[in-house]
Protein chains: 2
Amino acid sequence: MDERVPRDFETLRATILDRRETLPKRIAQIAAYALDNPDDIAFGTAASIAASAGVQPSTLIRFAQQLGFDGFTSLQQVFRERLRERNSSYDERLQALRAKADAGAGHRAIFDGFVAAASTSLNDISRTLDEAHLEDAISLLAKAETIYVLAKRRSYPVASYIAYALGKLKIRNQLIESAAGLNAEMVAFATPADAVIAISFSPYAPATIEEARTIAEQGVPIVAITDSSFSPLAQFAKVWFEVAEADFAGFRSLSATMALAMALTVGVGEKRRSTSRKRKA
Amino acid sequence: MDERVPRDFETLRATILDRRETLPKRIAQIAAYALDNPDDIAFGTAASIAASAGVQPSTLIRFAQQLGFDGFTSLQQVFRERLRERNSSYDERLQALRAKADAGAGHRAIFDGFVAAASTSLNDISRTLDEAHLEDAISLLAKAETIYVLAKRRSYPVASYIAYALGKLKIRNQLIESAAGLNAEMVAFATPADAVIAISFSPYAPATIEEARTIAEQGVPIVAITDSSFSPLAQFAKVWFEVAEADFAGFRSLSATMALAMALTVGVGEKRRSTSRKRKA
DNA sequence: TAAAAAATGAGACAGACATTCCATTTCAGA
DNA sequence: TCTGAAATGGAATGTCTGTCTCATTTTTTA
């Protein structure tokens, strides 16, 4: 029996793959089943798992013992821990990583922190997204002649991705950048037949707010992505989304905003296609 | 007893929060514990959970029954399902969502798809990231006088975020954009004392490759983020990262790339700070 | 091919499990 | 303060659990 008992799932997985060749037939059968259906191992009983895998419960225990565990139960712990860790309230993980990074725990910790922040944000938004708002926003944008995309500073990467994606979908759009210093003129072109996607988070870039105000006063409908109902953008917008991004090391994630932005973009593309099909029919 | 038994965790959670006020003391105690420690409910036994929550096992069962379940076991199923779903090989989930979206399942499905794609990518990268490469890349970039950031098209949003973050950290950087049409000149300024972060995924934007080649020939070290060892960027780079982003509806996620980019950026910031502290000492 | 060793199947068994039941306590309303 | 109902604690119960043992089969070795 091995002295080194695999404590975490990845090690266990590696060990199993390593020994795959040398394992007895029935044991190998369970090994394959375990790697294919780790969730079943985590939640099932020895009897139910054995039945699913087509072996006797005793074989399951022999499998566990062969790997160095003292029984099925301790093997199962590893599979359960895996689910716990992967899931484990990303918030907690994030906090732990923040503390770790503050203590100067190296660059891997920083990386893990950004991954955790992104995951937290994604979890959050998929829980809180208002489906009706999504529908409204997409309808509104799908009717627009030109979609203006408005965002600066931290939100600018999202805007540029939206513009890229709209372009690829052949949807007319205009990114309002500051480079040329012609924003006021560009904004003036927008009419109520157009629409705007505006993105801004606290501290709201003054230029974004100003341009959003102007454009709203021209009667152009705005879809806003922002971070709270107190956001100035929320006031100007026909539809607005609240997106709470987790931050790490002073930088907020963009993952949730990106996901929402892409859903809007592709949603508009779909809607236009189905509408034009109807018109032809 | 209620006819409408909450089948999924979110509904259950909402139901509990809704009734919180009207629940008897001990039952409320479990309710609070259940929402705070959902993992314990998923994995524990009625006895162990009851002990942790400071109540009798029988109370736990009454809690379950009050919610419309016929016993603790069926309540537990919901908590287990939650872990299963959240984790469940995001790949599978993604595939299911892709099929669903293809069948025209509405805009929520599209959104879920982008969230799943982002989560998959994040899971992937945190499993496969090479720590040594991360260290190498950060050392290399921390020594640079100016960090040039090079990316077009789909990767451009990442580049613009890197530029934003470097700016906030007061690290000299230059984003190589195409707007002004002066890329060749900008690239020519780079010297071996500088460094480049280049990002490109298949199909590689020809301009990125060309500029990367030129700049590499000038002896400027390149850190590349790309998608395979066959990438032309990998050849020019001193250090390169392989990032596999999942795609949805024809658009690849950027989450993993973003996380890596932020880790590089903040890592460089940290490294510089600790180095300058050493110099002073 | 024969003998030894390893692997397997199937049932037995003790312990832990969720659940139920009932006595006791707490609470609400008059 | 009294009374009935609701809530609670704690032990009893029957089922199901993981593990063990041992007879049988398969594989390996000489």
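Quick note on labels: first sequence line is chain A, next is B, and so on, each numbered from 1. Keep in mind that this is a model prediction, so the values were computed, not measured.
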Show me, pair by pair, the donor-acceptor contacts under 3.5 angstrom made by side chains of residues 21-28 of chain A, not counting sequence neighbours?
residue	atom	partner	partner atom	Å
A:T22	OG1	A:R19	O	3.1
A:R26	NE	A:Q29	OE1	3.0

Quick check on contacts: within residues 41-55 of chain B, what sits under 4.0 Å from DNA chain C by heavy-atom distance?
B:T45, B:A46, B:A47
Is any side-chain nitrogen or oxygen of B:Q76 closer than 4.0 Å to OP1 or OP2 of C:dA18?
no
Paired runs of 3 or more consecutive Watson-Crick or G-U pairs involving DNA chain C, with both pairing distances under 3.5 Å, are C:1-30 with D:1-30
What integer distance in Å separates A:Q65:CD from C:dT8:P?
14 Å
Any ring pair (Phe, Tyr, Trp, His ring centres under 6.0 Å) pairs touching residues 42-63 of chain B, not counting sequence neighbours?
A:F43-B:F43
Tell me every residue that passes ring-ring contact (aromatic ring centres under 6.0 Å, His included) with B:F79, counting only those two or more places apart in sequence or in another chain.
B:F9
Sorted by chain and number, sequence neighbours left out, salt bridge (Lys or Arg N to Asp or Glu O under 4.0 Å) with A:R154 holds for none
Atom pairs and distances, donor-acceptor, side-chain atoms in residues 44-51 of chain B, under 3.5 Å, two or more places apart:
residue	atom	partner	partner atom	Å
B:T45	OG1	B:S48	N	3.1
B:T45	OG1	B:S48	OG	3.3
B:S48	OG	B:T45	N	2.9
B:S48	OG	B:T45	O	3.0

From OG (A:S121) to CG (A:L254), nearest 0.5 Å:
9.0 Å
Nearest 0.5 Å, what's the CD1-OH distance between A:I41 and A:Y33?
6.5 Å
Spacing of CZ belonging to A:R252 relative to CG belonging to A:D227, to within rounding of 0.5 Å:
6.0 Å
For A:F201, which residues count as a ring-ring contact (aromatic ring centres under 6.0 Å, His included) partner, sequence neighbours excluded?
none
Contacted region of DNA chain D by chain B, from 5' end to 3' end of the hits, cut-off under 4.0 Å to heavy atoms, spans D:dA7 to D:dG10
Give me each pair satisfying salt bridge (Lys or Arg N to Asp or Glu O under 4.0 Å) with a member in residues 237-251 of chain A, each pair once, sequence neighbours excluded.
A:R98-A:D247
List every contact pair, protein side and nucleotides 10-13 of chain C side both N or O, where the distance is under 3.5 Å.
residue	atom	partner	partner atom	Å
C:dA10	OP2	A:Q56	NE2	2.6
C:dA10	N6	A:S58	OG	3.2

Gap separating the OG atom of B:S155 from the OH atom of A:Y161, nearest 0.5 angstrom:
9.0 Å
Any salt bridge linking B:D8 with B:R13? Criterion: basic side-chain nitrogen under 4.0 Å from a carboxylate oxygen.
no
OP1 or OP2 of C:dA7 less than 4.0 angstrom from a side-chain nitrogen or oxygen of A:T59, does that happen here?
no
Between B:R82 and B:D39, does at least one N-O distance fall below 4.0 Å, as a salt bridge requires?
yes
Here the residues of residues 21-30 of chain B within 4.0 Å heavy-atom distance, strictly under, of DNA chain D are B:P24, B:K25, B:R26, B:I27
From OG1 (A:T226) to CH2 (A:W240), nearest 0.5 Å:
7.5 Å
Nearest-0.5 Å distance that lies between atom CD1 in B:I138 and atom CD1 in A:I110:
6.0 Å
